Asks: 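Attaching a single structure in structure tokens format; questions to follow.
Every value quoted in this text rests on a predicted model; they were computed, and no experiment measured them. Residues: numbered from 1 along the sequence shown. As the structure lists them, so they are numbered: ligands from 1, and atoms in each ligand from 1.
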Amino acid sequence: MSITVERLLTAAVPLIELALAEDIGPGDATSQSTLDAAAPLHGRIVAKAPGVIAGLPVAEAVFHTVDPALIFTAHVCDGQEVVTGELVAEVNGPGPSLLAAERTALNFLQRMSGIATATRDFVDAVATTRAIILDTRKTLPGYRVLDKYAVSMGGAQNHRMALFDMLMVKDNHTDGAGGITAAVVRARTVHPTLPVEVEVRTLAELQEALAITPPLDRIMLDNMDLETMRQAVSLTAGRVPLEASGNVTLKTVAAIAGTGVDFISTGAITHSVIALDLSMKIAKPTAAPTLSWEERARRAKATLSDRLVILGHHYQRDDVIQFADFRGDSLQLARDAVRTNAEHIVFCGVFFMAEVAAILAKPGQHVYIPDSAAGCYLAETAGRTQVEQAWLHLDAALRGAALGGAAEDEITPITYVNSDAALKAFCGKHGGGICTSGNAAKVLTWAFAQRPRVFFFPDQHLGRNTALALGIPAEEILLWTPYRPPSAEAIRRAKVVLWPGACNVHQRFHPTDVTAVRARHPGIRVVVHPECDRSVVELADSAGSTTHIIKEIETAPAGSAWAVGTETRLVLRLQQEHPEQLIVPLAERPPYCPGMGTITLRNLAETLEALAHGEFPQQVTVEAETARWARVALERMLEL
Ligand code: 13P
Ligand code: SF4
């Protein structure tokens with residue numbers, strides 16, 4: 001059960017009072033003496049570093065506690081990533097109150113956002129695996145609820161709240177009670193309804209814990225090395241969920257997740273908090289009103305007129321997408337890129353999408369991205385060298401088989417469009433193709449008409465969901481493991497080999513989100529993107545690309561209710577555009593795509609202004625040979 005805002009505020013109120021008494025005491029001497037009590041001021045809370053925001057309701061409560069006349073307006077939500085310079089919130093009201101509350105409000109917001117940011121790093125580090133990050137009780141004394149709320153905003157799950165809501169039999173209890181089984185029996189006798197977790201130090205202790213009936217709710221592998229953890233996972237064979245714990249750092253967490261454990265708990269996210277750098281500045285009244293970024297973008301766009309086309313993906317911010325001449329999903333935007341004759345194509349999306357436009361651009365057309373750091377986590381899970389090594393391995397395995405050929409004859413490489421241009425070129429060269437989430441089934445069907453097998457990268461979930469939907473049995477779908485490649489025999493048995501990549505945004509949806517939203521809204525229909533894990537897709541009513549999701553909602557009768565499992569900016573826009581329907585994000589803590597959020601109104605306006613001045617900002621180019629082969633694969637896709 002996640003921590004609600006009501007619960008957060010109940011826990012925060014005494015802490016706010018304590019903090020204000022500490023900081024303001026009898027009064028803010030400077031503000032009271034230098035400022036006119038009645039003169040209103042306008043404060044802007046801005047991010048000075050990228051991170052994940054958490055604690056906005058607490059910051060608002062601080063301002064209101066100091067002076068109910070202060071009006072707090074949040075510009076982002078808790079759980080949302082911000083970029084450097086992004087406006088997080090504004091506060092308006094009496095100047096002395098605003099400045100008296102500032103430090104305390106920022107202290108809460110910065111600390112909580114620091115926890116959420118560190119948590120998100122851990123969550124992202126394991127996003128290609130099934131492991132779930134958990135917190136611990138290593139929180140600031142008195143701040144347990146606030147710290148754990150911030151953890152959940154970072155995308156991790158909360159472990160037990162305290163000593164009273166779960167039985168956790170640790171080494172000291174085991175030693176004191178005379179063994180694991182004895183300790184569990186005694187604990188269960190006194191607290192029969194509480195869930196039980198047992199900490200084990202060795203495989204022998206694990207065997208003992210596994211033999212307990214009814215089965216334990218979870219077993220914690222304490223401080224085991226990676227090999228022992230792997231053995232523990234195989235010994236347990238899914239009978240009881242396993243949690244890895246002890247010395248988990250950002251450097252080690254991915255390898256721990258790779259052992260196959262279900263949960264990884266880490267104290268690092270709360271015990272050594274680095275506050276997110278946020279500041280509040282008072283907006284100065286200016287003599288001459290300056291143009292807003294919106295107006296500047298509008299003027300530059302008008303100057304460029306039909307020499308310019310702006311393409312925008314549905315996951316873009318509202319203030320950016322309003323400038324798009326073409327708005328679409330990745331397939332639609334690739335088609336639009338081919339159609340336009342404009343000299344300048346400004347791509348508001350992630351880098352690989354702009355690369356696709358650059359590859360398809362006609363001579364004389366140039367593609368720009370407002371921020372070249374707008375990356376796609378999923379695309380970065382497959383590097384060219386790693387994929388080429390896998391291909392050689394597949395080649396050796398298939399050549400060795402009495403199948404009459406090598407990889408080239410036996411297996412078609414298909415890359416999801418969310419990939420580096422070099423991988424698209426690889427597919428072009430090796431007779432393969434490219435798909436988007438909107439045409440994956442069509443492209444896989446085409447691929448099977450070429451050769452009996454498919455090597456699909458980088459998104460394992462899209463690959464698996466599409467293959468299963470085409471009727472390929474699960475036993476014939478093989479997950480590639482770069483560090484321990486599957487045996488030649490396993491490769492020969494497979495019809496689909498999946499790269500183990502995943503999207504860190506869609507990976508944050510869990511089956512429990514589906515059950516929870518159905519409980520909150522009986523009868524609601526659940527529609528998800530196929531980048532979600534199979535377990536989520538199976539519980540949903542429908543799965544499909546961004547366009548599929550939009551169409552489902554657009555064509556549904558008024559009064560329908562939808563829970564949507566995809567990027568949150570799109571879900572919130574659908575909510576606004578379809579007031580006749582009930583539309584809610586699938587998860588209570590809905591994920592935003594950080595790469596998409598990197599494009600802002602400001603960097604879009606700056607790009608357009610630079611173009612209008614004859615400069616060429618952030619141009620996206622692809623090396624000629626790579627572009628040639630990538631185009632071969634892209635054109636194959638667009639012809640289907
Ligand atoms: P679409 O193909 O649905 O636009 O998806 C692209 C993407 O990045 C989804 O996360
Ligand atoms: Fe990439 Fe996921 Fe963002 Fe889509 S949502 S662009 S797959 S990181």
Side-chain angles (χ1 to χ4, degrees), residues 80-81 83 120 123-125 127-128 155 311-317 320-321 324 326-337 347-357 369 371 373-382 414-420 423-424 434-443 457-463 465-466 499 501-509 527-533 536-537 542-553 564-571 573-574 585-587 590-599 634 637-638:
Q80 196 170 346
E81 286 90 354
V83 294
R120 183 67 54 82
V123 170
D124 284 353
T128 57
L311 304 180
H313 190 272
H314 289 298
Y315 296 173
Q316 289 291 294
R317 298 163 183 268
V320 169
I321 202 81
F326 296 100
R327 181 190 297 200
D329 66 1
S330 55
L331 179 59
Q332 188 53 45
L333 292 176
R335 292 192 195 286
D336 293 333
F347 209 113
C348 298
V350 283
F351 195 78
F352 77 83
M353 297 179 178
E355 266 188 344
V356 168
I369 187 161
D371 188 341
C376 164
Y377 177 97
L378 168 60
E380 285 160 21
T381 59
I414 299 291
T415 185
Y416 186 26
V417 70
N418 298 42
S419 56
D420 194 75
L423 292 182
K424 296 184 176 79
I434 296 174
C435 74
T436 72
S437 58
N439 62 11
K442 215 188 239 184
V443 174
F457 40 85
D459 187 18
Q460 57 169 301
H461 301 299
L462 178 66
N465 289 322
T466 312
W499 189 259
C503 158
N504 62 343
V505 176
H506 291 90
Q507 183 77 352
R508 295 213 343 248
F509 295 108
V527 57
V528 300
H529 196 280
E531 284 173 19
C532 293
D533 188 88
V536 174
V537 171
S542 115
S545 69
T546 308
T547 298
H548 167 90
I549 293 172
I550 295 170
K551 277 201 182 129
E552 281 270 65
I553 290 173
V564 186
T566 191
E567 209 274 346
T568 307
R569 282 182 207 96
L570 170 63
V571 183
R573 189 170 308 124
L574 285 169
L586 173 57
Y592 290 80
C593 172
M596 292 283 184
T598 305
I599 309 298
L634 277 168
M637 171 184 90
L638 293 173

Asks: Got a second to check how far W499's CH2 is from L378's CG, nearest 0.5 Å?
Replies: 12.0 Å
Asks: Suppose I only count heavy atoms of Y416 and a 4.0 Å limit; which atoms of ligand 1 are within that range?
Replies: 5 (O), 6 (C)
Asks: May I ask you to identify the nearest protein heavy atom to atom 8 (O) of ligand 1, giving residue, atom name and distance to one decimal place in Å?
Replies: N418 ND2, 2.9 Å
Asks: Treating E567 as the side-chain partner and C593 as the backbone partner, does any N or O pair qualify as donor plus acceptor under 3.5 Å?
Replies: yes
Asks: Please write down residue, atom name and distance for the protein heavy atom closest to atom 3 (O) of ligand 1.
Replies: T546 OG1, 2.5 Å
Asks: Assess the side chains of S542 and H548: does a donor N or O sit below 3.5 Å from an acceptor N or O?
Replies: yes
Asks: Give the atom numbers and elements of ligand 2 that come within less than 4.0 Å of a heavy atom of N418.
Replies: 1 (Fe), 4 (Fe), 7 (S)
Asks: Should the pair E355-K424 be classified as a salt bridge under the 4.0 Å nitrogen-to-oxygen rule?
Replies: no
Asks: If we only count heavy atoms from C-beta on, is the I434 to L423 side-chain gap below 4.5 Å?
Replies: no
Asks: Is the distance from atom 1 (Fe) of ligand 2 to the nearest N/O/S atom of C503 under 2.8 Å?
Replies: no
Asks: With heavy atoms of C376 as the reference, note each atom of ligand 2 found under 4.0 Å away.
Replies: 1 (Fe), 6 (S), 7 (S), 8 (S)
Asks: Run through N418, T415, T381 and flag the one making a side-chain contact (heavy atoms from CB on, under 4.5 Å) with F457.
Replies: T415
Asks: Any donor and acceptor pair, going by atom type alone, linking the side chain of Y592 with main-chain N or O of G597 inside 3.5 Å?
Replies: no
Asks: Counting backbone and side-chain atoms alike, does C593 have an N/O/S atom under 2.8 Å from atom 3 (Fe) of ligand 2?
Replies: yes
Asks: Looking at H506, which atoms of ligand 1 are within less than 4.0 Å of one of its heavy atoms?
Replies: 10 (O)
Asks: Using a 4.0 Å heavy-atom cut-off, say whether N504 meets ligand 2 through its side chain, its backbone, both or neither.
Replies: side chain
Asks: Are the side chains of F347 and L333 in contact, using a 4.5 Å heavy-atom criterion?
Replies: yes
Asks: Under 3.5 Å, is there a donor-acceptor pair between the side chain of T128 and the main chain of G501?
Replies: no
Asks: Below 4.0 Å from any atom of ligand 1, is there a heavy atom belonging to S437?
Replies: yes
Asks: Which ligand 1 atoms does Y315 reach within 4.0 Å, using its non-hydrogen atoms?
Replies: 9 (C), 10 (O)
Asks: What atoms in ligand 1 come closer than 4.0 Å to a heavy atom of D329?
Replies: 1 (P), 3 (O), 4 (O)
Asks: Heavy-atom contact under 4.0 Å between E531 and ligand 2?
Replies: yes
Asks: Tell me the protein heavy atom at minimum distance from atom 8 (S) of ligand 2, and give that distance in Å.
Replies: Y377 N, 3.6 Å
Asks: Do the non-hydrogen side-chain atoms of P458 and Y416 ever get within less than 4.5 Å of each other?
Replies: yes
Asks: Hey, is Y377 one of the residues with a heavy atom under 4.0 angstrom from ligand 1?
Replies: no
Asks: For D533, is there any backbone N or O sitting under 3.5 Å from a side-chain donor or acceptor partner on Q507?
Replies: no
Asks: Among protein heavy atoms, which sits nearest to atom 5 (O) of ligand 1, and what does the distance come to when rounded to 0.1 Å?
Replies: H529 NE2, 3.4 Å
Asks: In the protein, what heavy atom is nearest to atom 2 (O) of ligand 1, and what distance, to one decimal place, separates them?
Replies: S330 OG, 2.5 Å
Asks: Nearest protein heavy atom to atom 10 (O) of ligand 1, by residue and atom, and its distance?
Replies: E531 OE1, 3.0 Å
Asks: What protein heavy atom is closest to atom 4 (O) of ligand 1, reported as residue, atom name and distance in Å?
Replies: H313 NE2, 2.7 Å
Asks: In terms of the angle between their ring planes, are H313 and Y315 parallel, tilted or perpendicular, with boundaries placed at 30° and 60°?
Replies: perpendicular
